[in-house]
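Below is one structure; the comments refer to it alone.
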Amino acid sequence: MITTVTTAPIAGQKPGTSGLRKKTPVFMARHYLENFVQSIFDVVGAAGKTFVLGGDGRYFNDRAAQVILRMAAANGAARMIVGQGAILSTPAASHLIRLNKTDGGIIMSASHNPGGPDEDFGVKFNMPNGGPAPEGVTEAMFKRTTEITEYKMMEAQDVDLSAIGRHQLGPMIVDVVDPVTDYAALMETLFDFPAIRAMFAGGFRMRMDSMCAVTGPYAVEILENRLGAAKGTCVNATPLPDFGGMHPDPNPTWAKALMDEMFGANAPDFGAASDGDGDRNMVVGRGIYVSPSDSLAVLAANAQLAPGYAKGLAGVARSMPTSAAADRVADALGIGKFETPTGWKFFGNLLDAGKATLCGEESFGTGSDHVREKDGLWAILLWLNVLAVRKQSVAEILTEHWAKYGRNYYSRHDFEAIATDKADAMITALRGSLASLPGKVVEGMTIAAADDFAYTDPVDGSVSQKQGVRILFGDGSRIVLRLSGTGTEGATLRLYLERYAAGPDGLGLDAQEALAPVIRAAHDLAQITAFTGRTEPDVVT
Ligand code: VG1
Ligand code: CO
């Protein structure tokens with residue numbers, strides 16, 4: 001029943017910030033998925049092991065799942081735990097890996113990238129702790145893809161993944177589980193559901209936009225069924241293979257309908273959206289947008305209001321490009337603070353070691369030690385818990401937060417699908433100029449330091465170089481530039497902009513206005529237009 005298929009290495013199977021992502025036709029091409037999956041099994045070993053399998057339901061998810069199951073069986077795996085219909089949100093997969101003490105999991109997702117026959121697909125491996133494989137492991141997988149000569153495949157019919165319960169694939173057990181149940185139960189242990197239920201019962205109105213991606217069933221079950229939010233609170237709640245043509249990235253540009261509603265007449269009290277695989281979140285108050293960096297800081301300052309965090313936080317970790325707002329909260333609380341490279345895999349050791357309890361990224365990712373992924377619905381529920389206890393509006397909570405800590409004005413400008421050689425030339429030139437920058441005055445601000453961020457993991461000592469160019473100004477303003485590691489078309493330049501206002505004056509400005517000099521300085525220093533021809537970003541968050 002087991003065939004060994006002869007293959008040859010395929011170039012470019014290098015995992016990026018979060019797994020291997022390519023155009024769907026690339027993934028569907030001969031041997032492509034198989035080579036990568038065999039490389040995963042060759043590195044982590046499959047014989048006798050148990051893995052979790054699921055994905056965000058995008059086009060090719062169902063067929064890829066059957067291929068992965070046949071390969072797992074052929075490689076001697078003992079058991080696979082699969083979400084019904086091969087569906088699992090990324091945080092739910094992380095939870096199942098931990099709950100069942102498995103040997104890891106394979107998640108099929110390209111997250112916030114659009115899905116469909118001509119859009120994106122992706123595969124990533126998560127470790128037994130539930131978190132994305134660290135760089136050392138993904139590097140080993142990539143190396144394996146450059147040497148591979150064969151893969152193993154079991155000859156068998158499809159497993160009926162629509163049927164919850166135990167199935168067999170040869171000697172391998174396939175347990176098909178409800179994707180929502182265990183995750184929803186975990187959320188009930190962390191948050192004050194009765195308090196949130198009482199808030200909804202008292203007329204609190206919410207809009208939850210799942211963007212036709214994976215969180216629909218989770219959101220309906222938790223928000224509408226368990227917490228009593230009005231029917232219809234959750235929109236775009238049916239996961240579709242092409243996300244209904246939407247770009248399932250919860251930011252003001254792509255979740256525009258939600259933004260319009262939250263800023264329109266008769267806006268609900270609270271709005272939220274999540275991404276393709278359910279690990280990102282955007283939260284919006286009535287008439288006020290919450291930047292992800294501020295969201296992390298507010299949640300850190302208020303986490304103790306939720307039962308799961310009543311004992312307080314060990315520390316807060318943020319990715320380097322994320323604003324320093326959370327650092328101010330950590331300092332005030334007297335707890336640890338950490339600055340990591342972009343990508344959730346860098347938080348895993350801090351969470352495992354009990355050094356950090358909350359983590360966040362400026363890219364709409366927030367999470368805690370309850371799983372080892374960022375978790376969109378978790379963040380939305382923590383906000384709801386805070387709102388239920390404080391009985392204030394989002395605007396009031398943000399205003400009080402800024403008054404207490406000052407405000408880190410923040411924005412990210414993305415320049416998408418730049419020719420790779422142009423983007424590389426720009427970054428190379430910028431790197432070359434770093435040593436000459438300190439002392440230079442731009443837009444009236446003096447550059448205090450400039451470097452290329454390197455990170456030494458405080459737990460295992462591993463070093464990650466070249467994680468983003470930082471230009472720090474004497475007044476606390478900051479510019480960061482890096483190239484995306486999740487895109488599938490050309491290069492995406494991410495320009496991160498930050499400026500601190502201590503208050504009490506000047507806390508209520510529009511972020512783009514407050515950042516205008518920093519934006520001009522960034523264009524001046526990096527020569528973005530000269531190198532790329534771009535004057536305006538494609539996406540502003
Ligand atoms: C982006 C974000 C990063 C995030 C990553 C995966 O990476 O910037 O913060 O961890 O996506 O998120 P990059 O390399 O494109 O900047 V997800 O929700 O797409 O898995
Ligand atoms: Co995601």
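Values below: every heavy atom of this structure, side chains too, minus hydrogens, waters and symmetry copies. Every number for a ligand or one of its atoms is a count from 1 in the order of the listing.
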Q: Assess the side chains of Q512 and H413: does a donor N or O sit below 3.5 Å from an acceptor N or O?
A: yes
Q. Does the side chain to side chain donor-acceptor pair (under 3.5 Å) test come out yes or no for S462 and D460, once each step is laid out?
A. CA-CA 6 Å; S462 58; D460 67 15; 2.7 Å; yes
Q) Would you say N302's side chain and V298's backbone share a donor-acceptor pair under 3.5 angstrom? A) yes
**Q.** Heavy atom of the protein closest to atom 4 (C) of ligand 1 (residue, atom name, distance)
**A.** E361 OE1, 3.5 Å
Q. Closest heavy-atom contact between E373 and P91?
A. CB-CA, 4.4 Å
Q) Can you list the ligand 1 atoms lying under 4.0 Å from a non-hydrogen atom of T17? A) 5 (C), 7 (O), 13 (P), 14 (O)
(Q) To check your reading of the model: name the closest protein heavy atom to atom 20 (O) of ligand 1, its residue, and the distance in Å. (A) R21 NH2, 2.9 Å
**Q.** N/O/S atom name from D275 that is nearest to the position of the Co ion (ligand 2)
**A.** OD2
Q: Write down the atom of M320, the atom of Q467, and the distance for their closest heavy-atom approach.
A: CE-O, 3.7 Å
Q | Closest non-hydrogen atom pair, P128 against I97 | A | O-CG2, 3.6 Å
Q. With the Co ion (ligand 2) as the point of reference, which N/O/S atom of D277 is the closest?
A. OD1
Q) If you check every N/O/S atom of D279, which is the one nearest the Co ion (ligand 2)? A) OD1
Q) For Y32, does its backbone N or O pair with a side-chain atom of Q13 as donor and acceptor, under 3.5 Å? A) yes
Q. With a 4.0 Å cut-off on heavy atoms, does G343 reach ligand 1?
A. yes
Q) So, is S111 placed with an N/O/S atom under 2.8 Å from the Co ion (ligand 2), counting both backbone and side chain? A) yes
Q) So, do F60 and F27 have ring centers that fall under 6.0 Å from each other? A) no
Q: Starting from atom 17 (V) of ligand 1, find the nearest protein heavy-atom neighbour and note its residue, name and distance.
A: S111 OG, 2.7 Å
Q. Should Q465 and D452 count as side-chain neighbours, where that means a heavy-atom distance under 4.5 Å?
A. no
Q. What is the closest protein heavy atom to atom 9 (O) of ligand 1, and at what distance does it sit?
A. S363 OG, 2.6 Å
Q: Look only at the side chain of Y59 and the backbone of F121, and say whether a donor-acceptor pair between them is shorter than 3.5 Å.
A: no
(Q) Please check whether A110 reaches ligand 1 - meaning an N/O of the residue sits under 3.5 Å from an N/O of the ligand, judged on distance alone. (A) no
Q. Considering distance alone, does some N or O of R494 sit under 3.5 Å from an N or O of ligand 1?
A. yes
**Q.** Pair F41 + F51: ring centers closer than 6.0 Å
**A.** yes
Q.
More than 12 heavy atoms of other residues, nucleotides or ligands under 6.0 Å from NZ of K422: yes or no?
A. no
Q | Element-labelled atoms of ligand 1 that are located less than 4.0 Å from some non-hydrogen atom of D275 | A | 18 (O)
Q: For ligand 1, find out whether one of its N or O atoms is nearer than 3.5 Å to an N or O atom of T342.
A: no
Q | Atoms of ligand 1, numbered as shown, that sit under 4.0 Å from any heavy atom of G485 | A | 13 (P), 14 (O), 15 (O)
Q: Give the residue and atom name of whichever protein heavy atom lies nearest to atom 11 (O) of ligand 1, and the separation in Å to one decimal.
A: R280 NH2, 2.9 Å
Q. Please state which protein non-hydrogen atom is closest to atom 6 (C) of ligand 1 and give its distance, to 0.1 Å?
A. K374 NZ, 3.5 Å
Q.
Within the structure, is a non-hydrogen atom of K345 found at a distance of less than 4.0 Å from ligand 1?
A. no
Q) In terms of residue, atom name and distance, what is the protein heavy atom nearest to atom 19 (O) of ligand 1? A) H112 ND1, 2.3 Å
(Q) Does D294 form a side chain to side chain contact (heavy atoms under 4.5 Å, CB included) with H401? I'd like the steps, not just the answer. (A) CA-CA 9 Å; D294 278 345; H401 188 92; 5.5 Å; no
Q) Which of the atoms in ligand 1, numbered in the order shown and given with their element, are less than 4.0 Å from a heavy-atom of S18? A) 6 (C), 20 (O)
Q. To which protein heavy atom is atom 7 (O) of ligand 1 closest, and what is the distance rounded to 0.1 Å?
A. T486 CG2, 3.5 Å
